[in-house]
*Asks:* 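Here it is: the structure, laid out below.
Whatever order the structure lists them in is the order used to number ligands and atoms, beginning at 1. Please read all numbers here as calculations on a predicted model, not as lab measurements.
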Amino acid sequence: MNYQFQFQPYQRPFKIPLKTAHGMWKMREGIILNLTDKQGNIGWGEIAPLSWFGSETMEDALIFCQQLPSRISIETIFTIPDHLPACQFGFESAFTELNPNSFLDINKLHYSELLPAGETVLTTWKTLFQQGAKTFKWKIGVDDITEEINIFQKLIHSITTTLSPTQAQKIHLRLDANEGLTFEQAKKWLEHCDLINANQGLIEIEFLEQPLSIDQLDLMLELCDRYSTLLALDESVANLQQLNSCYQQGWLDIFVIKPAIFGSPKKLKNFCQNHEIDAVFSSVFETNIGQKSALKIASELLFYNRAVGFGINHWFTG
Ligand SMILES: O=C(O)CCC(=O)c1ccccc1C(=O)O
Ligand SMILES: [Mg+2]
């Protein structure tokens with residue numbers, strides 16, 4: 001059995017550049033591919049690399065696609081090397097569209113909306129809340145910490161005063177530092193988070209994501225012991241080898257999984273079915289094609305029903 005293979009690179013500008021502790025991101029680049037079977041059915045896939053998270057680069061992915069013949073076998077799809085994790089996802093997704101293995105309803109998922117770093121968070125959160133959002137993630141570790149904690153207090157105040165006392169559902173707020181904090185700064189943030197969570201009010205700080213760099217897992221484990229607010233690993237668990245390693249080293253809080261750069265979905269499913277980890281599935285700003293495949297994986301593997309980090313469409317026009 002083999003498939004006809006086609007691919008097309010794309011570029012998609014952000015409405016406003018995404019600011020994280022890793023820098024500014026203005027343009028999402030990737031590759032849309034399709035496989036056609038003998039009956040003429042088409043399966044779509046997307047390669048959306050994120051090299052600052054340790055995946056291959058856009059160039060690596062393009063070179064890989066260019067050297068493939070126009071007809072490829074199943075064997076080719078399932079033997080893409082581990083240093084091309086976004087390619088593994090893209091090709092396997094297209095294959096799975098042609099050979100579906102589950103029919104779960106991705107419309108049942110709930111979403112976390114991504115809020116921009118800095119003061120604009122104060123207006124953005126409200127617009128998204130008025131559209132029905134209940135879970136938000138705010139990027140921190142970008143500006144001076146005193147300034148950010150100041151904005152954080154204003155955000156908490158804004159949420160508290162906007163909610164009606166009869167609000168049925170809690171607002172969940174996630175903080176994502178993208179490795180941008182020091183140990184001391186992480187402690188400071190977690191003190192603020194613990195105070196809010198001790199209130200047991202209508203706002204819950206759901207977790208602090210990747211406060212420290214990936215070589216500081218020991219310190220992040222220490223933060224888990226010291227504070228009651230949960231921590232999440234993201235950059236530290238970008239692929240299967242890293243996930244395995246952090247799991248073995250005793251991480252019990254949350255794991256952020258970005259299916260589009262994680263590598264083979266088959267291997268990811270295998271891991272999650274053997275270890276019931278507390279996972280948050282999240283986007284890497286892929287288009288609807290990659291999102292659909294990633295959300296299918298999420299709906300199959302979600303044990304704790306946490307909101308998925310795919311509330312990102314407001315970052316693009318059209
Ligand atoms: O996880 C989410 O809720 C949104 C997606 C997100 O934050 C993200 C998107 C692209 C690259 C990195 C990250 C990140 O979580 O650090
Ligand atoms: Mg993150």
*Asks:* Mind checking whether Gln210 has a heavy atom under 4.0 Å from ligand 1?
*Replies:*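 Contact check Gln210 vs ligand 1: negative.
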
*Asks:* Quick one: nearest non-hydrogen protein atom to atom 12 (C) of ligand 1, plus distance?
*Replies:*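 Nearest neighbour among protein heavy atoms for atom 12 (C) of ligand 1, to 0.1 Å: Lys258 CE, 3.6 Å.
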
*Asks:* Could you check which N/O/S atom of Asp176 is closest to the Mg ion (ligand 2)?
*Replies:*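 Looking at Asp176, the N, O or S atom with the least distance to the Mg ion (ligand 2) is OD2.
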
*Asks:* Run the numbers on Phe5 and Phe7 for ring pair (Phe, Tyr, Trp, His ring centres under 6.0 Å), then give the verdict.
*Replies:* CA-CA 7 Å; Phe5 161 58; Phe7 68 98; 5.5 Å; yes

*Asks:* Have a look at Asp234 and say which of its N, O or S atoms is nearest the Mg ion (ligand 2).
*Replies:*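 The closest N, O or S atom of Asp234 to the Mg ion (ligand 2) is OD2.
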
*Asks:* Can you report which non-hydrogen protein atom sits closest to atom 3 (O) of ligand 1, along with the distance?
*Replies:*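 Among all protein heavy atoms, the one nearest atom 3 (O) of ligand 1 is Gly309 CA, 3.2 Å.
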
*Asks:* Tell me if the centroids of the rings in Phe91 and Phe78 come within less than 6.0 Å of each other.
*Replies:*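 Not close enough - the centres of the two rings lie 6.0 Å or further apart.
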
*Asks:* What's the atom name of the N, O or S in Glu209 nearest to the Mg ion (ligand 2)?
*Replies:*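 Checking each N, O and S atom of Glu209, the shortest distance to the Mg ion (ligand 2) belongs to OE2.
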
*Asks:* Does Trp25 reach ligand 1 with a nitrogen or oxygen that is under 3.5 Å from one of the ligand's nitrogen or oxygen atoms?
*Replies:*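 No, no N or O pair falls under 3.5 Å.
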
*Asks:* Give me the nearest non-hydrogen protein atom to atom 6 (C) of ligand 1 as residue plus atom name, then the distance to 0.1 Å.
*Replies:*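 Atom 6 (C) of ligand 1 sits closest to the protein heavy atom Lys137 NZ, 3.7 Å.
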
*Asks:* Can you tell which part of Val280 has a heavy atom less than 4.0 Å from ligand 1: side chain, backbone, both or neither?
*Replies:*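 It is neither; nothing of Val280 touches ligand 1.
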
*Asks:* Give yes if a backbone or side-chain nitrogen or oxygen of Glu235 is under 3.5 Å from a nitrogen or oxygen of ligand 1, and no if not.
*Replies:*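 The answer is no, given that Glu235 and ligand 1 share no N or O pair closer than 3.5 Å.
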
*Asks:* Would you say Glu209 has any N or O atom under 3.5 Å from an N or O of ligand 1, going by distance alone?
*Replies:*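 Such a contact does occur with ligand 1.
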
*Asks:* Flag this pair as yes if the NZ/CZ of Arg12 is under 6.0 angstrom from the six-membered ring centre of Phe316 and inside a 45 degree cone about the axis; otherwise no.
*Replies:*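 Verdict for Phe316: a cation-pi partner in Arg12.
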
*Asks:* Look at atom 5 (C) of ligand 1 and say which protein heavy atom is nearest, naming residue and atom and giving the distance to 0.1 Å.
*Replies:*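 Protein heavy atom with the smallest distance to atom 5 (C) of ligand 1: Ser283 O, 3.5 Å.
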
*Asks:* Kindly state whether the ring of His275 and the ring of Tyr247 have centres lying under 6.0 angstrom apart.
*Replies:*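 Judged by ring-centre distance (under 6.0 Å), His275 and Tyr247 do meet the cut-off.
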
*Asks:* Less than 4.5 Å apart, any side-chain heavy atom of Leu175 and any of Glu206?
*Replies:*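 Of all side-chain heavy-atom pairs linking Glu206 with Leu175, none is under 4.5 Å.
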
*Asks:* Between Asn178 and ligand 1, does any nitrogen or oxygen pair lie at a separation below 3.5 Å?
*Replies:*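 Yes, at least one N or O pair falls under 3.5 Å.
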
*Asks:* State whether Glu113 and Lys137 are salt-bridged, where the test is any N-O pair (Lys NZ or Arg NE/NH1/NH2 against Asp/Glu carboxylate O) under 4.0 Å.
*Replies:*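 So Glu113 does not pair with Lys137 through a salt bridge.
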
*Asks:* Given the ring of Phe281, does Lys258 sit roughly above its face, with NZ or CZ under 6.0 Å from the centre of the six-membered ring and within 45° of the axis?
*Replies:*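 No - Lys258 does not lie over the ring of Phe281 by the 6.0 Å and 45° rule.
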
*Asks:* Any nitrogen or oxygen of Ser112 lying under 3.5 Å from a nitrogen or oxygen in ligand 1? Just yes or no.
*Replies:*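 Not met; the criterion fails.
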
*Asks:* Is the Trp52-Trp25 ring centre distance short of 6.0 angstrom?
*Replies:*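 For Trp52 and Trp25, the ring centres are under 6.0 Å apart.
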
